[in-house]
2 protein chains.
Amino acid sequence: MENLHADLVRSVGGAAVLVEREDKAGYLTDWSGDWTGDAFAVVRPSSVAEVQACVKVCRRHGIGIVPQGGNSGLVGGGFPPSTVQNMVVVSLSRLNAIRRADTANATLDLDAGCTLQKAKDAADAIGLQFPLALGAQGSCQIGGNAATNAGGVNVLRFGMVRDLILGLEAVLPDGSLWSSMRGLRKDNRGYDMKQLFIGSEGTLGLITGLCLKLHPKPAKIETAYVGVGSIEDAMTISALARSELSELVTAFEIVGSECLPLARLIDEGLTLPVSSAFPFHVLIELSCGKRLDGRVLLEGFLADMMARGLIGDAAVAQSDRQARSFWAIREGLVEGQARRGYHVRSDVSVRLGDVPAFVAAARAFAARDWPDWTPQVYGHAGDGNIHFNLLPPLGMHRRDAREHGQRITKSLFAIVEDFKGSISAEHGIGRARIGAFWQGLGEVERRTMRAIKDSLDPHDMMNPGCLFPVLEEQK
Amino acid sequence: MENLHADLVRSVGGAAVLVEREDKAGYLTDWSGDWTGDAFAVVRPSSVAEVQACVKVCRRHGIGIVPQGGNSGLVGGGFPPSTVQNMVVVSLSRLNAIRRADTANATLDLDAGCTLQKAKDAADAIGLQFPLALGAQGSCQIGGNAATNAGGVNVLRFGMVRDLILGLEAVLPDGSLWSSMRGLRKDNRGYDMKQLFIGSEGTLGLITGLCLKLHPKPAKIETAYVGVGSIEDAMTISALARSELSELVTAFEIVGSECLPLARLIDEGLTLPVSSAFPFHVLIELSCGKRLDGRVLLEGFLADMMARGLIGDAAVAQSDRQARSFWAIREGLVEGQARRGYHVRSDVSVRLGDVPAFVAAARAFAARDWPDWTPQVYGHAGDGNIHFNLLPPLGMHRRDAREHGQRITKSLFAIVEDFKGSISAEHGIGRARIGAFWQGLGEVERRTMRAIKDSLDPHDMMNPGCLFPVLEEQK
């Protein structure tokens with residue numbers, strides 16, 4: 001271990017190798033406080049060459065590497081579990097330069113350790129936008145967004161991170177550098193290897209750079225807050241908006257009215273644009289270029305939906321400030337949840353037509369088997385992505401809540417499987433969902449995933465215990 | 001070989017195993033007539049189980065498999081070269097059922113052997129659209145489109161085929177079936193393996209089924225034909241249209257005026273909407289939903305571009321018939337080219353800002369080194385994808401033309417490399433581009449591609465000689 005330390009220091013410099021408990025602490029506890037781990041060292045390289053050097057050292061010593069971005073993941077993928085000792089956390093936070101912002105090509109080349117906000121600001125500075133929008137955008141890193149194929153509220157129009165990446169650069173487990181950073185919109189030369197790194201959660205290599213596809217900055221963004229009588233109506237409106245408004249809708253978020261008290265935890269004086277008596281609220285955002293009148297389009301659409309009885313009440317934001325207040329409800333409920341402490345989080349998806357039946361089934365299960373727990377339904381309904389969460393009874397001890405929570409999650413996943421849905425629509429598998437994930441895979445799917453992993457990381461060096469179960473001998 | 005024949009017959013039935021020269025002929029010559037090959041047999045399974053059985057037979061006999069769709073590829077990826085004997089062509093044309101058209105989910109599940117036109121018709125029948133648009137759509141198959149990550153004229157708005165696929169099913173080289181056909185818009189469970197099969201040109205497995213993502217059918221499509229003074233102006237207009245018109249532009253095709261005589265070969269009476277004196281013509285298509293007035297948007301945009309001096313003259317189609325006549329120019333030039341017989345075809349891409357400089361460099365090269373050849377410039381300029389082709393002097397013998405053509409292609413690819421572009425934007429590598437492709441790859445990129453191939457197809461059974469060079473021992 002002394003040699004390992006000395007070699008790491010040689011590769012990145014002494015100040016960038018953290019081995020003292022208090023120095024490492026911030027990298028070894030996750031955002032939610034649900035997970036705490038341990039590692040031999042936290043290393044903070046500041047260049048791609050240093051990342052390569054550090055990976056080579058770990059390779060020589062047979063030590064596992066845990067790549068870490070902004071540490072804002074929700075499934076424990078970015079830090080080492082305490083059950084596996086002696087791993088090295090490689091934090092990308094010092095590798096954070098904007099490399100090239102190209103207006104003509106509408107692309108942005110940057111280091112993986114840039115925060116999402118920094119990427120968005122750099123796009124904005126050249127008159128374009130990088131549309132990925134996440135609650136954690138001030139702290140999460142673009143490399144982590146790529147490694148987890150992040151989603152967020154603008155997927156409906158702009159897709160997942162996968163759809164926003166034109167090029168990628170990664171250090172492979174042997175320390176060599178793989179790169180496809182030409183910034184081409186169309187390139188059919190051989191396997192599109194970058195697709196493998198996207199969503200691989202650090203298990204195939206360490207992403208060091210990205211070329212992002214930028215979009216035109218909208219001239220105007222219009223926001224509406226709507227009350228509907230049922231989730232069925234919400235889904236119908238979503239489909240009609242998509243069609244009649246030419247897929248200009250950038251967000252279509254549903255909020256079950258049971259979530260509203262959570263938003264109130266964050267802002268007591270919260271005023272709702274529509275009555276909380278509506279079982280579902282919907283936040284609709286429409287973005288368009290200067291030749292289109294988004295306000296007229298959105299108001300016309302909403303009026304028609306009201307005339308057809310699909311919408312009970314609606315408010316269109318008259319100012320940016322009002323629009324932000326609509327979003328504060330959606331964002332506040334997530335913060336309010338976190339403030340309640342441990343809760344069952346889920347991130348599932350089903351086919352669009354199955355969303356109402358899935359929500360009904362999940363609610364019926366909760367009411368029947370866990371009547372003391374409070375279900376919360378919200379999410380990106382236009383993509384079929386629902387966060388069906390459950391809050392434990394007030395006053396329940398955290399340990400008991402977690403124990404029950406595991407059973408609740410298991411049952412919830414069984415319902416998802418009944419609908420042939422996904423137990424992870426956007427959060428990934430990490431360390432939290434490994435069991436359910438592998439159990440749900442067929443034999444052929446397991447075998448091919450393993451074959452790909454072995455082909456690029458034959459010594460199981462990259463993020464051991466994430467996505468793939470840890471073999472007993474490795475513990 | 002007798003055993004192989006008998007085993008194939010047992011797996012798919014005698015009528016589906018073609019071994020006579022005249023029966024096989026149609027499967028062994030490519031669309032352009034540039035390539036002719038040979039195979040032990042052409043097999044035509046009619047179910048996924050038959051495909052699996054047939055792959056298992058080939059595996060047992062150690063025989064290579066060439067998957068074939070509509071045989072409309074442009075790089076010789078879909079049929080066996082005559083240099084490698086004893087391969088089996090598996091034609092998917094009988095595996096052609098629509099499995100499930102789901103309006104609520106906006107998806108279409110279908111067999112890989114469906115033609116693209118059949119897929120488009122099935123989408124249309126449920127009030128939606130599958131936007132992929134290719135010249136060969138009546139004969140090319142959706143499985144081939146996926147295996148080659150096809151592009152076409154609507155990539156600007158809807159992306160490549162990769163962006164239109166939600167699920168995929170493939171028979172692996174050992175005959176087992178890999179599948180991800182749940183039809184989910186968001187699914188972050190493990191590696192997105194389908195991305196590997198897309199664009200793999202049949203070298204990892206045999207695609208048997210797909211789940212396609214459908215889009216709303218546009219209420220109105222507006223088409224303009226425009227004359228511009230330079231390719232620089234065309235690129236400026238493309239960027240402004242993207243921004244001001246909210247990315248509603250579905251096609252932005254440029255045609256160098258030197259291509260117009262080719263279109264005249266197909267239709268002598270062709271009338272041009274704008275003068276052929278403009279060095280570049282641009283075809284702009286805008287599609288939108290019922291609440292938007294595409295005509296007003298497009299006319300307003302064009303008027304502004306004219307006022308700014310970016311457009312010399314423009315015509316907006318007043319009827320579907322007129323719109324088709326605009327497209328007939330773009331499509332006619334491709335047909336006219338084919339009628340001229342052998343010519344140098346290219347399919348390259350560069351960064352958007354480099355398009356004008358690349359075209360200038362390629363033209364300068366042609367004028368200097370091959371003054372008797374006629375260069376043709378056209379393509380999907382909005383994506384940076386240019387088809388820079390050269391017609392041999394009239395009367396040149398085909399053999400001479402091909403010999404010169406190889407040297408021209410080599411020089412052209414060197415220019416593309418100077419611009420750090422791609423020698424295959426949408427056509428793929430197949431057998432025609434293997435040399436240039438591998439030469440252009442770095443050592444790390446070669447090694448990782450090979451590792452992926454070996455992990456799923458360790459016996460090099462799938463489409464030998466396509467994408468990867470044939471090893472001497474295999475010949």
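Lettering of chains follows the sequences in order, A, B, ..., and the numbering in each one begins at 1.
Here the side chains of B:Asn149 and A:Asp192 are not in contact, with every heavy-atom distance at 4.5 Å or above. In this structure the side chain of B:Leu196 never reaches within 4.5 angstrom of the side chain of A:Thr448, judged on heavy atoms. The closest side-chain heavy-atom distance from B:Arg351 to A:Arg185 is not below 4.5 Å.
To the nearest 0.5 Å, the span separating CG on B:Asp293 from CG on A:Leu297 amounts to 10.5 Å. Note that CG of A:Asp187 is 12.5 Å distant from CG of B:Asp383, once rounded to the nearest 0.5 Å. Atom CG of A:Leu441 is separated from atom OG of B:Ser180 by 11.0 Å, given to the nearest 0.5 angstrom. Taking CD from A:Glu247 and NE2 from B:His215, the interatomic distance works out to 5.5 Å, rounded to the nearest 0.5 Å. To the nearest 0.5 Å, the span separating OG on B:Ser422 from CZ on A:Arg189 amounts to 4.5 Å. The CZ atom of B:Phe419 lies 12.5 Å from the CZ atom of A:Arg182; values are rounded to the nearest 0.5 Å.
Looking only at heavy-atom pairs under 4.5 Å with chain A, the residue among B:Gly440, B:Gly442, B:Ser200, B:Gly199 that has the most is B:Ser200. Among B:Ala104, B:Gly190, B:Gly159, the residue making the largest number of heavy-atom pairs under 4.5 Å with chain A is B:Gly190. For the set A:Arg433, A:His427, A:Lys420, the entry with the most heavy-atom pairs within less than 4.5 Å of chain B is A:Lys420. Contact count versus chain B (heavy atoms, under 4.5 Å) is highest, among A:His380, A:Glu426, A:Lys217, A:Glu201, for A:Glu426. In terms of heavy-atom pairs under 4.5 angstrom with chain B, the leader among A:Gly300, A:Ala106, A:Gly384 is A:Gly300. Counting heavy-atom pairs closer than 4.5 Å to chain B, the top residue among A:Leu204, A:Ile198, A:Val348 is A:Leu204. For the set A:Thr203, A:Asp454, A:Asp354, the count of heavy-atom pairs under 4.5 angstrom toward chain B peaks at A:Thr203. When each of B:Ser349, B:Ser287, B:Gly382, B:Ala239 is scored by its heavy-atom pairs under 4.5 Å with chain A, the top score falls to B:Ser349. Between chain A and the residues B:Ala425, B:Ala451, B:Gly289, B:Gly353, the largest count of heavy-atom pairs under 4.5 Å involves B:Ala425.
If you measure heavy-atom distances from B:Leu245 to chain A, the contacts under 4.5 Å come from both the backbone and the side chain. Of the atoms belonging to A:Leu248, it is side-chain heavy atoms, and not backbone ones, that fall under 4.5 Å from chain B. No part of B:Val355 comes within reach of chain A, as not one of its non-hydrogen atoms sits under 4.5 angstrom from that chain. Using a 4.5 Å cut-off between heavy atoms, A:Val155 touches chain B through its side chain atoms alone. Both the backbone and the side chain of A:Met449 come within contact range of chain B, judged by heavy atoms closer than 4.5 Å. In this structure, the portion of B:Leu184 lying under 4.5 Å from any heavy atom of chain A is its side chain and not its backbone.
Pairing each heavy atom of B:Glu244 with each of A:Leu292, the nearest pair is O-CD1, 3.8 Å. Among all heavy-atom pairs drawn from A:Asn188 and B:Thr148, the shortest one is ND2-O, 3.0 Å. The minimum heavy-atom distance linking A:Asn105 with B:Leu352 is given by the pair OD1-N, 2.7 Å. B:Ser246 approaches A:Arg157 most closely through the heavy-atom pair O-NH2, 3.8 Å. Pairing each heavy atom of A:Ser243 with each of B:Pro216, the nearest pair is CA-CB, 3.6 Å. When all heavy atoms are compared, the tightest approach of A:Asp174 to B:Arg447 is OD2-NH1, 2.9 Å.
In this structure, A:Arg291 pairs ionically with B:Asp304, as a charged nitrogen and a carboxylate oxygen lie closer than 4.0 Å. Note on B:Asp163 versus A:Arg162: no salt bridge recorded, every NZ/NE/NH1/NH2 to OD/OE distance being 4.0 Å or above.
By the 6.0 Å contact criterion, CD on B:Glu417 is enclosed, its count of non-hydrogen atoms from other residues, nucleotides or ligands being greater than 12.
Taking the six-membered ring for Trp and the full ring otherwise, B:Phe197 and A:Tyr191 have centroids separated by 6.0 Å or more.
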- What's the verdict on side chain to side chain contact (heavy atoms under 4.5 Å, CB included) for A:Leu177 and B:Val444, showing C-alpha distance, side-chain angles and the deciding distance? CA-CA 7 Å; A:Leu177 191 67; B:Val444 179; 5.9 Å; no
